[in-house]
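Chain letters run A, B, ... following the sequence lines, proteins first, then strands; residues in each count from 1.
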Amino acid sequence: MAVNFSKWCMGIRPSVYVKDLGKHVGKEVTLKGWLYNKRSSGKLKFLIMRDGSGYVQCVVFKGNVADEVFENADKLTQESSFEVTGKVKVEPRSVGGYELDATDVKIISIAQEYPITPKEHGIEFLIDNRHLWVRSKKQIAILKIRARIVKAIRDFFDSRGFVLFDPPIITPNACEGTSTLFEMEYFDLGKAYLTQSGQLYAESGAMALGKVYTFGPTFRAEKSKTRRHLTEFWMVEPEMAFYDLDDDMDLAEEFLEYIVQCVLTDKQEELKELERDTTKLECVKRPFPRISYTEAVELLKKKGNDFQWGNDFGGADETLIGEEFDRPVMIHRYPSEIKAFYMKRDPENPKVALAVDVIAPEGYGEIIGGSQREDNLDFLLERIKEHNLPQSFFEWYLDLRRFGSVPHSGFGLGLERTVSWICGLDHLREAIPFPRMIYRNTP
RNA sequence: UCCGCGGUAGCUCAAUGGUAGAGCAUGCGGCUGUUAACCGCAGGGUUGCAGGUUCGAUCCCUGCCCGCGGAGCCA
């Protein structure tokens with residue numbers, strides 16, 4: 001019996017995407033996408049199609065097509081979906097360098113009046129329409145760079161013997177005991193919280209697998225209202241057995257260099273769309289400057305900032321320090337009092353912790369926070385008491401010191417801050433598809 | 001929570017104590033090379049809400065609501 005295979009084998013997916021038009025010069029192709037913009041000149045229409053992969057200008061000339069085709073082109077409104085068939089030609093006058101000489105235009109769906117016009121809009125309006133705003137050129141460029149950064153992060157660790165180790169999102173207590181967390185009722189077990197960090201769990205993973213990394217969303221219920229904060233953000237946290245603070249810093253700088261160089265190599269077009277000054281990114285090469293907290297305080301004082309040893313740096317302080325260098329700067333050995341309970345104190349100076357923060361250049365602030373972890377059971381018990389943390393919640397964590405404790409270190413990198421810095425954004429809300437902020441959880 | 005700024009057409013903004021204006025978007029018309037195209041015409045408004053002052057308030061005053069930016073906290 002004859003079977004009509006074509007009925008089952010042919011879907012509706014496009015056979016050609018805009019980014020590949022260079023391979024089809026002189027040939028007729030059919031593209032599917034949305035109308036980005038339209039200009040018309042009587043008998044001549046220019047349709048700018050976007051299909052997610054790129055943009056191409058399609059020329060519809062009344063004399064060359066059926067009346068119905070020309071009418072279809074006329075009916076298309078901004079963001080209407082359509083299919084266009086035509087011959088690909090090289091055209092320097094056209095954006096992207098190629099152009100489609102249309103022979104057929106099929107309407108898929110006419111868009112209603114599209115709210116995001118080619119003129120300027122306010123940020124509130126754009127965020128209200130975030131689900132549509134992601135179709136805009138700059139947003140597409142940012143989202144593509146974000147995806148490339150995520151791939152660079154995974155590639156970096158996967159190719160260096162790290163194992164992905166997923167921590168829980170729902171936790172029974174605050175990991176570090178400092179931040180305000182999102183609270184929930186967990187059946188009959190009482191209150192539970194959305195995680196603020198996977199780090200403590202990652203330590204368990206490092207004791208099992210040697211080198212691990214966690215990568216996922218984390219949550220902070222702080223009422224932060226600045227361009228540097230989101231309530232939901234992504235963090236990658238490597239954790240390594242038998243790494244001290246120096247090893248930790250070596251890894252952090254190699255990691256950042258790798259991410260930036262990947263974006264520079266693969267995302268030139270997107271960086272250009274964002275008008276990013278790439279010479280600033282090209283500087284991001286090892287070695288990064290390493291200064292102690294104490295040296296950073298002296299630097300601030302020299303710059304006329306009346307900063308007291310023992311305080312934590314604010315955003316303005318970080319910017320001042322960052323300005324001194326053309327690449328990320330690593331600040332290590334912070335006062336232990338302003339750092340988390342699990343950070344190991346420096347045996348040579350117990351007033352400071354073996355911690356490191358990496359400050360991005362150009363005022364982007366802290367993108368990495370890390371440390372060597374306290375591996376001594378007794379010291380860790382002391383810290384937990386000092387911080388007034390409930391020891392019972394940390395028994396499992398203390399077990400990691402009871403059963404074959406080793407020196408170990410790790411750090412956390414904030415994904416959106418990294419995206420924001422590399423893209424040169426002025427607010428974190430554009431670095432994630434759907435930002436969650438104190439006064440906004442929609443769309 | 002504190003400090004500062006704002007709310008006028010679908011969007012971005014302007015204006016004056018005396019009938020509310022532009023650009024974009026939308027509709028119609030024009031143009032064979034446009035690049036946020038351009039030109040002409042048209043529709044589109046309870047000026048955030050509630051009071052007060054005034055002959056008259058979008059404008060001045062009071063309160064409230066909403067938003068934005070910054071601080072603290074942090075990635």
(message) In whole Å, measure the gap between the C1' atoms of B:A36 and B:A75 for me.
(response) 36 Å

(request) Looking only at side-chain atoms of A:L230, point me to the closest of B:A75, B:G72, B:G33. (result) B:A75

(message) Closer than 4.0 angstrom, basic N to acidic O: yes or no for A:R327 and A:E257?
(response) no

(request) Ignoring hydrogens and angles, answer whether the base of B:C31 and the side-chain atoms of A:S40 contain a donor-acceptor pair closer than 3.5 Å. (result) yes

(request) Assign A:G42 to base, sugar-phosphate, or nothing according to its heavy-atom contacts below 4.0 angstrom with the strands shown. (result) base

(message) Please report the distance separating the C1' of B:G7 from the corresponding atom of B:A14, rounded so that it comes out in whole Å.
(response) 15 Å

(message) Only pairs with both distances under 3.5 Å count, Watson-Crick or wobble alike; so what is the partner of B:G51 in this structure?
(response) B:C61

(message) Could you tell me how far apart A:I368 (CD1) and B:C74 (P) are, to the nearest whole angstrom?
(response) 18 Å

(request) Using the salt bridge (charged side-chain N to carboxylate O under 4.0 Å, His left out) rule, collect all pairs that involve residues 39-49 of chain A, keeping only residues at least two apart or in two chains. (result) A:K45-A:D74

(request) Using both distances under 3.5 Å as the test, list the Watson-Crick or G-U wobble partner of B:G4, or none. (result) B:C68

(request) Take atom C1' in B:C2 and the same atom in B:U8, then report the distance between them in whole Å. (result) 30 Å

(request) May I ask you to say what A:R440 touches in the nucleic acid, namely base, sugar-phosphate or nothing, with a heavy-atom cut-off under 4.0 Å? (result) nothing

(request) Would you list the pairs meeting ring-ring contact (aromatic ring centres under 6.0 Å, His included) in which at least one residue belongs to residues 123-149 of chain A, sequence neighbours left out? (result) A:H121-A:F125

(message) Among A:M240, A:R154, A:E239, exactly one meets side chain to side chain contact (heavy atoms under 4.5 Å, CB included) together with A:F162. Which residue is that?
(response) A:M240

(message) If I take atom CE in residue A:M343 and atom C1' in nucleotide B:A75, what distance separates them, rounded to the nearest angstrom?
(response) 12 Å

(message) Between B:G63 and B:U26, how far apart are the two P atoms, rounded to whole Å?
(response) 44 Å

(request) Using a heavy-atom cut-off of under 4.0 Å over every strand shown, decide if A:I48 touches base, sugar-phosphate, or nothing. (result) nothing

(message) Less than 4.0 angstrom from a charged side-chain N to a carboxylate O is my criterion; do A:R290 and A:E253 meet it?
(response) yes

(message) How many whole angstroms separate atom CG of A:D357 from atom C1' of B:A75?
(response) 10 Å

(request) Could you state the atom-to-atom distance from CD of A:E430 to P of B:G69 in whole Å? (result) 11 Å

(message) So A:K89, base contact, sugar-phosphate only, or nothing? Heavy-atom distance under 4.0 Å.
(response) base

(request) Check whether the side chain of A:R417 and the base of B:C74 form a donor-acceptor pair under 3.5 Å. (result) yes

Nucleotide N/O of nucleotides 4-13 of chain B paired with protein N/O under 3.5 Å:
unit_1	atom_1	unit_2	atom_2	d
B:C11	O2'	A:H121	ND1	2.2
B:U12	OP1	A:G122	N	3.3
B:U12	O4'	A:E120	O	3.1

(message) Please give the distance between the P atoms of B:U19 and B:U47 as a whole number of Å.
(response) 15 Å

(request) Could you check which nucleotide pairs with B:C31 in any of the strands shown, counting Watson-Crick or G-U wobble with both distances under 3.5 Å? (result) none

(message) Using the six-membered base ring of B:A25, report whether A:Y114 stacks on it, requiring centroids under 5.5 Å and planes under 30° apart.
(response) no

(message) Looking at B:G56, which nucleotide sits across from it as a Watson-Crick or G-U wobble partner, both distances under 3.5 angstrom, or is there none?
(response) none

(message) Partner lookup for B:A36, please. Criteria are Watson-Crick or G-U wobble with both distances under 3.5 angstrom; report none if nothing qualifies.
(response) none

(request) To the nearest Å, give me how far apart NZ (A:K38) and C1' (B:A25) are. (result) 13 Å

(request) Could you check how far NZ of A:K62 sits from P of B:C31, rounded to whole Å? (result) 9 Å

(message) When the C1' atoms of B:C5 and B:A20 are compared, how many Å lie between them, rounded to an integer?
(response) 24 Å

(request) Kindly point out which of B:A36, B:A75, B:G33 is positioned nearest to the side chain of A:R39? (result) B:A36

(request) Could you please name the partner base of B:C11, counting Watson-Crick and G-U wobble pairs only when both distances are under 3.5 Å? (result) B:G23

(message) Among B:U34, B:G72, B:G33, which nucleotide has an atom closest to any side-chain atom of A:T226?
(response) B:G72

(message) By the 4.0 Å heavy-atom rule, please label A:Q57 as base, sugar-phosphate, or nothing.
(response) base

(message) Taking the minimum atom-to-atom distance to the side chain of A:N37, which one of B:A36, B:U34, B:C74 wins?
(response) B:A36

(request) Write down the partner of B:C74 under the Watson-Crick or G-U wobble criteria, each distance required to be under 3.5 Å. (result) none

(request) Verify whether the ring centers belonging to A:F325 and A:F288 lie closer than 6.0 Å. (result) no

(request) For A:Q78 and B:A36, give me the distance from atom CD to atom P, rounded to whole Å. (result) 14 Å

(message) Between B:U46 and B:A9, how far apart are the two C1' atoms, rounded to whole Å?
(response) 13 Å

(request) Among residues two or more places apart or on two chains, list those pairs meeting ring-ring contact (aromatic ring centres under 6.0 Å, His included) that have a residue in residues 289-317 of chain A. (result) A:Y293-A:W309, A:Y293-A:F313, A:Y293-A:Y334, A:F307-A:F313, A:F313-A:Y334

(message) Taking the minimum atom-to-atom distance to the side chain of A:M235, which one of B:U34, B:G27, B:A75 wins?
(response) B:A75

(request) Pick base, sugar-phosphate or nothing for A:G314, based on heavy-atom distances below 4.0 Å to the nucleic acid. (result) sugar-phosphate

(request) Quick one: which residue pairs count as a side chain to side chain donor-acceptor pair (under 3.5 Å) with a foot in residues 57-73 of chain A, not counting sequence neighbours? (result) A:Q57-A:E99

(request) Classify the side-chain pair A:S197/A:E237 by whether it contains a donor and acceptor separated by less than 3.5 Å. (result) yes

(request) Give one of base, sugar-phosphate or nothing for A:E232, where a contact means two heavy atoms less than 4.0 Å apart. (result) nothing

(request) Rounded off to whole Å, could you give me the CZ-to-C1' distance for the A:F46 and B:C38 pair? (result) 13 Å

(message) Suppose the criterion is ring-ring contact (aromatic ring centres under 6.0 Å, His included): which pairs have a residue in residues 89-108 of chain A, not counting sequence neighbours?
(response) none

(request) For A:G63 and for A:K75, locate the closest nucleotide of RNA chain B by heavy-atom distance; then report the residue assigned to the nucleotide nearer the 5' terminus. (result) A:K75

(request) Would you confirm whether the ring centroid of A:F341 sits within less than 6.0 angstrom of the ring centroid of A:F394? (result) yes

(request) Measure from the side chain of A:H427, starting at C-beta and using heavy atoms only, and say which of B:G33, B:A75, B:G69 lies closest. (result) B:G69

(message) Say we look at B:G10 and B:G45: how far apart would their C1' atoms be, to the nearest angstrom?
(response) 12 Å

